Amino acid sequence: MSMQSLTITPEDVRASTGSTGARPQWLDAVAEYVQRAAADGEQVTLTAKRRMMTPAQVADAIGVSRSTISRKITAGELRVVKVGNRNRIPHEEFERFWRAAMGDVIDLTRDDIRADLFGDR
C-alpha cells in the first residue's frame, strides 16, 4: 500500500472560476488521483485543512523582520491562531494584511511617484 497525496490550493480553484464549459484542470487531477488509487485497491479520503503560516514565513513573504511581525501581532494589526503556544497566521489573514500594507505603501509614495513622472507641479 502506498501513501500518496494530492494538494489543491484555493488559488488552483479560483483560477478556474469563470471557465466556460471545460472541466477545471484541478478537478481532472483529483479524478485521475482517485481512479489511480481505486485501481491499486486503495481507499481515498478527502480532507480540507486551513493553510497557516508562521510569523517567520509571513516576515519572509513581506520582506520585513520577524520582530516586526511580532509587533504587528501584539498591536492587533495581524490576527493569529494559537497552536499550542505558537502563533500561526491563517493564509487569508496574511493576504488581508499584505493588501493593507501594500495600500499603505502606495499611499505613502503616491506623491513621490507623481513627482517623478510629471515633475513638481
Side-chain angles (χ1 to χ4, degrees):
M1 178 188 269
S2 64
M3 290 291 290
Q4 300 176 17
S5 68
L6 173 67
T7 301
I8 305 295
T9 67
E11 290 80 15
D12 296 331
V13 176
R14 280 189 219 122
S16 67
T17 302
S19 60
T20 56
R23 191 160 81 173
Q25 186 174 3
W26 65 267
L27 190 54
D28 286 334
V30 171
E32 180 182 316
Y33 178 83
V34 171
Q35 289 169 344
R36 190 172 49 247
D40 292 341
E42 295 179 348
Q43 177 179 336
V44 174
T45 303
L46 298 176
T47 61
K49 71 177 185 178
R50 196 172 192 184
R51 287 190 299 170
M52 299 286 205
M53 299 174 74
T54 66
Q57 289 170 323
V58 170
D60 287 344
I62 295 176
V64 298
S65 69
R66 188 191 177 295
S67 60
T68 295
I69 296 302
S70 294
R71 283 192 301 275
K72 299 294 184 185
I73 291 168
T74 300
E77 297 175 39
L78 185 59
R79 292 183 291 275
V80 298
V81 173
K82 283 289 196 181
V83 178
N85 65 349
R86 306 284 186 192
N87 288 321
R88 294 293 179 261
I89 298 96
H91 195 266
E92 62 273 13
E93 173 62 8
F94 160 72
E95 289 176 332
R96 182 206 61 80
F97 180 76
W98 185 83
R99 281 191 303 272
M102 290 302 102
D104 291 345
V105 168
I106 291 168
D107 289 344
L108 291 171
T109 59
R110 181 177 287 123
D111 292 339
D112 292 334
I113 293 169
R114 186 173 290 125
D116 289 344
L117 291 174
F118 304 112
D120 291 323
R121 293 183 182 187

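Fair warning: this is a prediction, and the values are worked out from it, not measured in the lab. Sequence positions, counted from 1, serve as the residue numbers for this chain.
Remark: Ile69 CD1 to Phe97 CZ distance equals 5.0 Å, nearest 0.5 Å. Residue His91 holds its NE2 atom at 4.0 Å from CZ of Arg51, rounded to the nearest 0.5 Å. One finds the CG atom of Asn87 at 10.5 Å from the CE atom of Met52 (value rounded to the nearest 0.5 Å).
Shown here for Pro55 and Ile73, the closest heavy-atom pair between the two residues is CG-CD1, 4.2 Å. For the pair Glu77 and Arg96, the tightest heavy-atom approach, listed with the atom from each and the gap, is O-NH2, 2.9 Å. Across every non-hydrogen atom of Gln43 and Thr45, the tightest pair is NE2-OG1, 3.8 Å. Annotation for Phe94 and Ala61: closest pair CZ-CB, 3.7 Å, computed over non-hydrogen atoms.
In this structure, Val44 is a member of the same hydrophobic cluster as Leu27, with clusters built from ILVMFWY side-chain heavy atoms closer than 4.5 Å. Following chains of ILVMFWY side-chain contacts shorter than 4.5 Å, one cannot reach Val81 starting from Val58, and the two form parts of different hydrophobic clusters. Under the 4.5 Å side-chain contact rule for hydrophobic residues, Tyr33 and Leu46 share a cluster.
A salt bridge links Glu92 with Arg50: the distance from a Lys NZ or Arg NE/NH1/NH2 to an Asp or Glu carboxylate oxygen falls below 4.0 Å. Contact check on Arg36 versus Glu32 returns a salt bridge, with a Lys/Arg side-chain nitrogen under 4.0 Å from an Asp/Glu carboxylate oxygen.
With hydrogens and angles disregarded, a donor-acceptor distance shorter than 3.5 Å links the side chain of Gln57 to the backbone of Thr54. Using a distance-only test at 3.5 Å, with no hydrogens or angles considered, no donor-acceptor pair links the side chain of Asp40 to the main chain of Ala37.
Partner Lys72 forms a side chain to side chain contact (heavy atoms under 4.5 Å, CB included) with one of Val80, Ile62, Ile89, Leu78 and no other, that one being Leu78.
Between the side chains of Thr68 and Arg71, at least one donor N or O lies within less than 3.5 Å of an accepting N or O.
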